[in-house]
Colleague: 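First the structure, which I've put down as structure tokens, then a few questions once you've had a look.
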Amino acid sequence: MSDNITMTAPSLSDFLARIGLPQAARDRVIAIDQKLADALASDDPDANGCADLVLEAADLIADLDPPGFDWKGWADDPGDDDGFDFDAIEWGEE
């Protein structure tokens, strides 16, 4: 038995390429990911700025709707406008 464990985690870039996101959109999503990581690591992250970045990244990916992507196992299909229920979210209190 070996003490060395080799794990290869897929990168964000690999995932975005696999679903067919164009290079320019892929680069922007990766930049957003880095900005979010930096903001969340700070002592006082800008919640509104982070939310804007998340929505921008989600919009870039949602516009793709990759034809070969298997949506089974997901709660809703991206084409289903009524599939996401904000009322079902358990919101925290400040």
Side-chain angles (χ1 to χ4, degrees):
M1 181 169 198
S2 173
D3 290 336
N4 296 330
I5 297 175
T6 304
M7 295 179 59
T8 56
S11 70
L12 175 59
S13 180
D14 292 341
F15 170 76
L16 296 173
R18 187 180 66 196
I19 64 171
L21 199 64
Q23 185 65 46
R26 212 178 318 160
D27 292 343
R28 180 61 188 148
V29 171
I30 291 168
I32 289 170
D33 179 63
Q34 186 59 52
K35 284 183 180 182
L36 283 171
D38 293 344
L40 295 174
S42 74
D43 291 334
D44 188 25
D46 173 18
N48 289 330
C50 289
D52 289 341
L53 289 170
V54 168
L55 292 174
E56 181 184 349
D59 191 44
L60 287 167
I61 295 169
D63 283 346
L64 176 63
D65 190 15
F69 192 77
D70 182 8
W71 288 102
K72 289 183 278 190
W74 291 79
D76 59 347
D77 185 293
D80 180 9
D81 292 335
D82 298 325
F84 190 81
D85 184 6
F86 279 100
D87 296 326
I89 297 174
E90 293 183 23
W91 298 97
E93 293 183 25
E94 292 185 24

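Sequential numbering from 1 along the given sequence is applied to the chain's residues.
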Colleague: Going from CG on Asp59 to CG on Asp52, what distance comes out if it is rounded to the nearest 0.5 angstrom?
Modeller: 12.0 Å
Colleague: Please list every donor-acceptor pair under 3.5 Å in which a side-chain atom of residues 35-47 meets a protein atom from a residue at least two apart or in another chain.
Modeller:
residue : atom : partner : partner atom : Å
Asp38   : OD1  : Gln34   : NE2          : 2.9
Ser42   : OG   : Ala39   : O            : 2.7
Asp46   : OD1  : Asn48   : N            : 3.3
Asp46   : OD1  : Gly49   : N            : 3.3
Asp46   : OD2  : Gly49   : N            : 3.3

Colleague: Do Ile61 and Leu12 belong together in a cluster built from hydrophobic side chains that touch within less than 4.5 Å?
Modeller: yes
Colleague: Is Ile32 linked to Val54 within one hydrophobic cluster, defined over Ile, Leu, Val, Met, Phe, Trp and Tyr using a side-chain heavy-atom separation of less than 4.5 Å?
Modeller: yes
Colleague: Would you tabulate the side-chain donor-acceptor contacts of residues 22-29 under 3.5 Å, counting partners in other chains and residues two or more places apart, or write 'none'?
Modeller:
residue : atom : partner : partner atom : Å
Gln23   : OE1  : Arg26   : NH1          : 3.2
Gln23   : NE2  : Asp27   : OD1          : 2.7
Arg26   : NE   : Leu21   : O            : 3.2
Arg26   : NH2  : Leu21   : O            : 3.1
Arg28   : NE   : Glu56   : OE2          : 2.7
Arg28   : NH2  : Glu56   : OE1          : 3.0
Arg28   : NH2  : Glu56   : OE2          : 3.3

Colleague: Nearest 0.5 Å please: distance from the OG atom of Ser11 over to the CD1 atom of Ile30.
Modeller: 7.0 Å
